[in-house]
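Naming convention: chains lettered A, B, ... in sequence-line order (proteins, then strands); numbering from 1 in each chain. Predicted, not measured: the structure shown is a model, and the values here were computed from it.
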Amino acid sequence: MSMLSADAVVGTAVAHESAHLHVTGAAHYTDDLPQLAGTLHAAPGLAARAHARVLSLDLDAVRAFPGVRAVITAADIPGVNDCGPVLQDDPVLAGQIVQFHGQPLFAVAADSHDIARRAARLARVEYEDLPAILTAQQALQAESWVLPPIEVTRGDARAALQTAPHRLGGEAVLGGQEHFYLEGQIAYALPGEDQSMQVCCSTQHPTEMQHAVAQVLGWHGHQVNVVCRRMGGGFGGKESQSAQWACLAAVLAYKTGQPVKLRLDRDDDMALTGKRHDFHIRYEAGYDGQGLLLGLILQLTSRCGFSADLSGPVNDRAVFHADNTYYLDQVAIRSLRGKTHTVSNTAFRGFGGPQGMFAIETVLDDIARALGFDPLLVRQRNFYGEIGSTARNVTHYGMPVEDNIIAPLVEELVRSSDYTARRAAIRDFNAHSPLLKRGLALTPVKFGISFTATFYNQAGALLHVYADGTVLVNHGGTEMGQGLYTKVRQIVADELGVPLAAVRCAATDTSKVPNTSATAASSGTDLNGRAAQLAAAAIRERLANYAAELAGVSAGQVSFAAGQVVAGRMNWTFAALCALAYRARIQLWASGFYKTPKIHYDPKTMRGRPFFYFAYGAAVSEVAIDTLTGEYKVLRVDILHDVGRSINPAIDIGQIEGGFIQGMGWLTTEELYWRADGRLMTHAPSTYKIPTGADCPQVFNVKLYDNPNAEDTVHRSKAVGEPPLMLAFSVFFALRDAVAATGTGVPKLDAPATPEAVLRAMQGLGSP
Amino acid sequence: MSTTRPIQFYFRNKLWQVNDAPVTRTVLQFLREAVRATGSKEGCGEGDCGACTVVLGELHGEALRLYAVNACIQFLPALDGKALFTVEDVALAPGVLHPVQQAMVDCGASQCGFCTPGFVMSLWALYESGPAGQPSREQVAEAISGNLCRCTGYRPLFDAAAAAYDLPPVHFERGPVIAALRQLAALPSLNYTAQGTAACVPRTLDELSEALRERPAARLVAGCTDVGLWVTKQLRDIGDTIHLHAVRELQHINRHADVLEIGAAVSLQAAFAAIVPIWPPWQDMARRFASRPVKNAGTLGGNVANGSPIGDAMPALIAMGTRLRLRLGDTERDIALEDFYLAYQRTALGVGEFVRALLIPLPKRGELLRTYKLAKRFEQDISAVCAAFYLQIDDQGLIGTARVAFGGMAATPKRALQCEGALRGRRWDKTAVEAAMLALQADFQPLSDVRASAAYRQTAAGNLLLRFWSETAADAPADDVPRSLGEMRPIAFGEKQP
């Protein structure tokens with residue numbers, strides 16, 4: 001156990017800046033903000049068809065329900081009826097055509113949340129059913145695309161396959177994932193004077209909410225401001241998909257002139273918001289007798305849902321990550337973006353990367369099993385060339401891999417986890433255990449850091465130093481639990497040489513820092529931390545010049561540490577110097593702006609350097625399965641992960657462990673189930689099963705890999721939000737390993753590997 | 001029962017009276033909307049995520065019993081006569097955290113923080129009324145089995161639960177609460193009406209009978225862990241309610257000469273605590289059944305009476321030959337549990353009749369019992385298949401009575417009669433189990449649904465019979481081979497496994 005130190009700066013395990021509020025219930029989430037008198041509560045009215053024409057929409061009973069104050073349909077939206085983040089194909093309220101089961105047709109504002117929900121169920125709707133495409137495979141068959149297919153190739157994969165000594169083809173099914181942020185979607189719209197609106201919203205992307213709200217109201221950016229102090233979890237689910245709820249609350253507030261809060265009930269939230277894209281993977285691989293890949297043709301088909309949302313960049317990232325840590329020489333990757341009559345899938349921690357990486361891990365695991373090798377050997381044989389080597393070190397999209405540390409990292413983990421000895425012991429165990437089998441797998445991770453849309457890689461901060469020496473930081477990033485505010489606070493305190501207590505982070509607010517990017521792509525600290533650091537450095541420089549002037553030394557001789565400023569023989573507390581500086585009319589607030597260097601990328605050719613750097617990691621998992629029922633248990637997990645030089649080891653380890661368990665849930669118990677008519681049946685925690693405490697492995701060794709970032713990031717740290725999710729592949733492939741021990745042949749295990757899927761995979765094998 | 005009075009409970013160091021809330025207003029709505037005490041969160045509104053966890057206090061003789069429940073599905077009348085504690089009540093003073101809270105801060109056990117108040121309450125209940133001294137990891141896991149966290153992966157929560165006991169111990173001042181609860185106990189039973197709808201909380205069987213005579217159509221509510229969802233999720237108007245939890249005669253657990261009698265209002269937690277020592281094969285089921293807050297509020301009687309095809313207690317209770325004691329007015333009758341279920345969510349209860357107690361036969365020589373749950377997740381999941389096997393083996397080694405019961409395989413919990421027939425009169429060996437597995441295929445035509453496919457249910461049900469055999473039969477594999485996942489530990493090597 002790591003006890004967190006109470007007061008320190010960069011590189012130490014400082015507690016989350018809100019921890020004391022979390023544990024006392026004093027942390028305010030959007031629904032906890034003091035409510036203005038006259039606040040109304042909103043709920044959406046839902047369509048009960050997957051694909052249909054609306055013949056009539058009778059809302060009389062809704063309007064007549066006691067306590068209802070306003071009801072709106074698509075026709076009541078004053079501006080543009082759309083909240084899509086990229087394309088304009090996301091209606092806030094469906095008009096004539098319903099495109100997924102549950103799509104909102106209207107919205108109600110009422111005196112209470114309960115009244116709004118009850119009234120919203122009273123609509124009478126007549127539909128004319130239209131044919132519905134529901135799955136990725138159906139979209140593939142129908143060639144139904146939400147965006148055009150793309151292909152990335154290098155060399156001649158077909159020719160390489162033809163000359164390869166061995167060939168293997170296969171398919172894999174990879175399920176989607178519900179975010180299950182504990183705090184559901186919520187927005188609270190407060191109408192202001194002179195055509196203005198403030199929206200308090202649980203969102204990872206306040207700026208996008210600002211523009212979406214302005215658009216639906218027919219307004220401009222400067223009429224709307226969006227505020228978010230914290231979210232109760234985001235995971236990508238509140239990047240684009242918080243917009244619909246912000247827009248509906250704002251339109252209802254506009255219509256009624258009263259504050260309107262829209263908080264989705266959990267079941268509605270799960271039915272109405274997009275999920276991680278599920279994928280259908282098909283491959284053909286050619287390889288040599290050692291398992292070295294010679295050629296690969298890969299087809300990645302995803303279920304995007306009814307609209308584009310972020311499916312373009314999500315699927316792009318799947319293509320970019322189809323190499324994981326492996327050099328793909330002759331390769332052709334085709335990415336198909338299926339349009340289906342289901343909820344529009346969206347960002348989710350990893351953003352398509354996990355799906356691409358799952359594909360290549362499946363290919364290599366299959367090859368190893370076909371050749372009879374330990375899959376770890378085949379994985380290692382296919383690694384990118386090490387730093388300094390000129391061979392095998394350029395990705396299929398043309399980016400040199402300059403910071404590759406996967407081979408030594410894996411070697412260290414093999415050692416520290418006793419992989420080799422355990423592999424042998426497990427083989428022995430399995431030979432003597434008829435009902436229970438063990439499995440073991442080590443899987444590596446390489447994850448590209450930066451938004452692939454280059455323009456998003458910018459951030460701003462606005463830093464105030466008050467005359468009493470206390471500091472308030474505004475920046476464009478949002479806090480969803482990942483510890484961004486904590487790290488920014490550490491960075492600023494470090495830069496100004498003040499104790500942590502002197503620095504507070506203010507709620508993220510589009511009226512303070514404009515044109516922000518989503519807090520996504522693991523970029524929060526890289527971007528906003530750097531912007532805040534630059535703002536603090538600007539103030540420090542002004543103070544240093546002033547102190548130097550007072551002391552008659554050069555600015556370079558002024559030091560800031562532990563709340564003291566020392567210049568030659570003079571010294572002040574930071575607060576005292578600030579008070580003097582204020583009286584001397586020195587500007588004590590500053591902005592900081594950062595844009596990621598070096599990156600460039602041509603979306604047409606899908607070539608360039610989309611990523612500033614890569615983060616690496618690896619995990620070993622050991623599982624046991626019950627051959628009678630397919631039930632299983634994760635017995636031990638060892639992780640070694642690269643976060644560069646850690647700004648806060650406790651927070652980084654928290655991200656690693658949390659990401660791992662979330663990824664494990666995705667690949668094991670979290671199964672999304674749609675009925676034949678397109679209705680999602682797993683729309684509540686009673687039916688959709690994220691991991692609980694009992695699923696956390698009792699032996700869970702997590703270590704940081706000592707490796708300062710080769711690129712010049714803030715304090716040489718690395719992004720940590722998404723990469724650890726993929727460490728959970730080790731659980732899935734350990735299950736596959738255990739399944740393989742029950743028979744002969746290459747096991748076909750679908751993800752999520754529910755007990756049923758595990759049993760089915762065992763049944764698919766030949767007799768041992 | 002004729003006098004009406006407000007709902008009264010102890011909260012924030014005083015007695016509260018509520019007299020205008022609808023009878024199905026939830027405790028969470030009361031906290032968040034009426035009091036604007038927003039520390040307790042709504043994460044799901046169905047008692048599955050635990051973000052709303054609060055702790056209730058009630059008198060058990062002289063002692064104060066504290067236990068966690070889900071505020072989102074508890075109706076306000078259920079608070080009557082009790083003490084309510086929320087996350088805002090836990091700190092020792094402003095700025096001075098309780099050891100449980102301090103340990104969570106120190107261990108990095110909160111990230112987004114939304115689930116945190118619920119964890120604090122579950123761990124506070126463990127601290128205040130759990131075992132003395134540092135709890136085991138398994139005790140912590142059980143205590144937080146009703147709390148979902150999506151951020152941390154739980155490791156720091158386990159660390160914090162243990163680290164709380166390394167901090168200087170604190171003692172919660174029980175005196176004023178006990179005094180207040182005594183004061184509440186002196187009030188007449190609650191007969192509450194709001195907006196034309198009644199909620200009665202009788203305290204005796206006579207009061208219950210009278211309430212039922214007055215309102216024969218009233219909905220009986222025990223722990224509210226299922227009925228709560230009819231209101232919060234289905235938005236049903238359930239009309240008048242009669243709460244059973246306070247009826248003294250329904251709270252008894254009596255061990256008679258041949259049966260264990262469990263009153264219908266006994267919590268699942270208390271019922272399992274009585275059953276497991278007598279019938280150890282119930283241990284895993286008791287652990288995996290629902291979650292701790294649901295077991296604290298829900299009752300075995302309610303699980304049985306609402307007739308769900310997937311309730312986890314019924315297969316084992318049926319296999320053991322459990323009978324129900326039903327009561328209508330002053331008349332009681334006993335019925336075999338398996339005869340209680342007529343069809344999907346339909347039972348043999350008459351109008352105004354209720355389940356008074358369960359009568360579970362005590363163990364006899366030569367009996368074998370196992371009950372198994374198959375679900376996607378270990379904790380707090382609804383079974384895809386729930387199985388129970390009971391065999392009586394005579395002195396000749398032949399199977400006399402065989403009772404095999406399943407949940408999740410049909411519209412009601414049901415016995416597998418053909419399977420039983422294939423076992424009866426045979427020796428309990430591999431050939432018998434194989435014959436029984438074959439016969440079982442004819443007993444059920446299960447459905448495919450969100451929990452599992454029909455094919456999986458069919459296969460796994462048969463394989464569970466094999467598991468039963470492997471754990472109990474004389475000719476089963478040797479003892480040094482682990483037979484269940486629960487026994488599995490990470491592989492050891494280089495030395496003999498301990």
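Looking at A:Ile186, there are no atoms closer than 4.5 Å to chain B (heavy atoms on both sides), in backbone or side chain. There is no contact between A:Ala26 and chain B, counting heavy-atom distances below 4.5 Å. For A:Leu628, the parts lying under 4.5 angstrom from a heavy atom of chain B are both the backbone and the side chain. Proximity to chain B (any heavy atom under 4.5 Å) is restricted, for A:Pro34, to the backbone atoms N, CA, C and O. For A:Leu759, the part lying under 4.5 angstrom from a heavy atom of chain B is the side chain only. Of the atoms belonging to A:Gln655, heavy atoms from both backbone and side chain fall under 4.5 Å from chain B.
Side-chain contact between A:Arg438 and B:Met488: present, with at least one pair of heavy atoms (C-beta onward) separated by less than 4.5 Å. Looking at B:Lys41 and A:Tyr29, their side chains come closer than 4.5 Å, going by heavy atoms from C-beta outward.
Among A:Gly658, A:Pro685, A:Ala19, the residue with the largest count of heavy-atom pairs under 4.5 Å with chain B is A:Pro685. Contact count against chain B (heavy-atom pairs under 4.5 Å) is highest for A:Asp626 among A:Ile661, A:Asp428, A:Asp626, A:Thr754. Your options are A:Thr24, A:Ile625, A:Thr669, A:Asp265, and the one with the most heavy-atom pairs under 4.5 Å with chain B is A:Thr24. Per-residue counts of heavy-atom pairs under 4.5 Å with chain B were compared for A:Ser112, A:Pro691, A:Ser18, A:Gly659; the largest is that of A:Pro691.
For the salt bridge (charged side-chain N to carboxylate O under 4.0 Å, His left out) test, residues two or more places apart in sequence or in another chain that qualify with A:Arg118 are A:Asp114. In this structure A:Arg422 satisfies the salt bridge (charged side-chain N to carboxylate O under 4.0 Å, His left out) test together with A:Glu622, A:Asp638, sequence neighbours excluded.
Annotation for A:Phe180 and B:Arg150: closest pair O-CG, 3.3 Å, computed over non-hydrogen atoms. Closest non-hydrogen pair, A:Met231 versus B:Cys112, comes out as O-CB, 3.6 Å. Pairing each heavy atom of A:Val699 with each of B:Pro490, the nearest pair is CG2-CG, 3.8 Å. Taking all atoms of both residues into account, the shortest heavy-atom contact from B:Lys373 to A:Glu631 is O-OE2, 3.5 Å. Taking each heavy atom of A:Cys696 and B:Phe158 in turn, the nearest pair found is CB-CE1, 4.3 Å. Of all heavy-atom pairs between B:Cys44 and A:Asp267, the closest is O-OD1, 4.5 Å.
Of the charged side-chain nitrogens involved, none lies within less than 4.0 Å of a carboxylate oxygen, so that A:Glu756 and B:Arg457 do not count as a salt-bridged pair. Between B:Arg32 and A:Asp32, at least one side-chain nitrogen of the basic residue sits less than 4.0 Å from a carboxylate oxygen of the acidic one, meeting the salt-bridge criterion. Salt bridge annotation for B:Glu46-A:Arg266: absent, with no cationic side-chain nitrogen under 4.0 angstrom from a carboxylate oxygen. Classification of A:Arg263 and B:Glu33 as a salt-bridged pair fails, no side-chain N sitting under 4.0 Å from a carboxylate O.
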Dump the intermediate steps for side chain to side chain contact (heavy atoms under 4.5 Å, CB included) on A:Gln35 and B:Arg36, then the final yes or no. CA-CA 9 Å; A:Gln35 248 169 232; B:Arg36 287 299 288 169; 3.4 Å; yes
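Residue pairs meeting the salt bridge (Lys or Arg N to Asp or Glu O under 4.0 Å) criterion with at least one member in residues 651-663 of chain A, sequence neighbours excluded: A:Lys487-A:Asp652, A:Glu657-B:Arg155.
The contact list for residues 96-103 of chain B toward chain A, using heavy atoms and a distance under 4.5 Å, reads B:Leu97, B:Gln101 by residue number.
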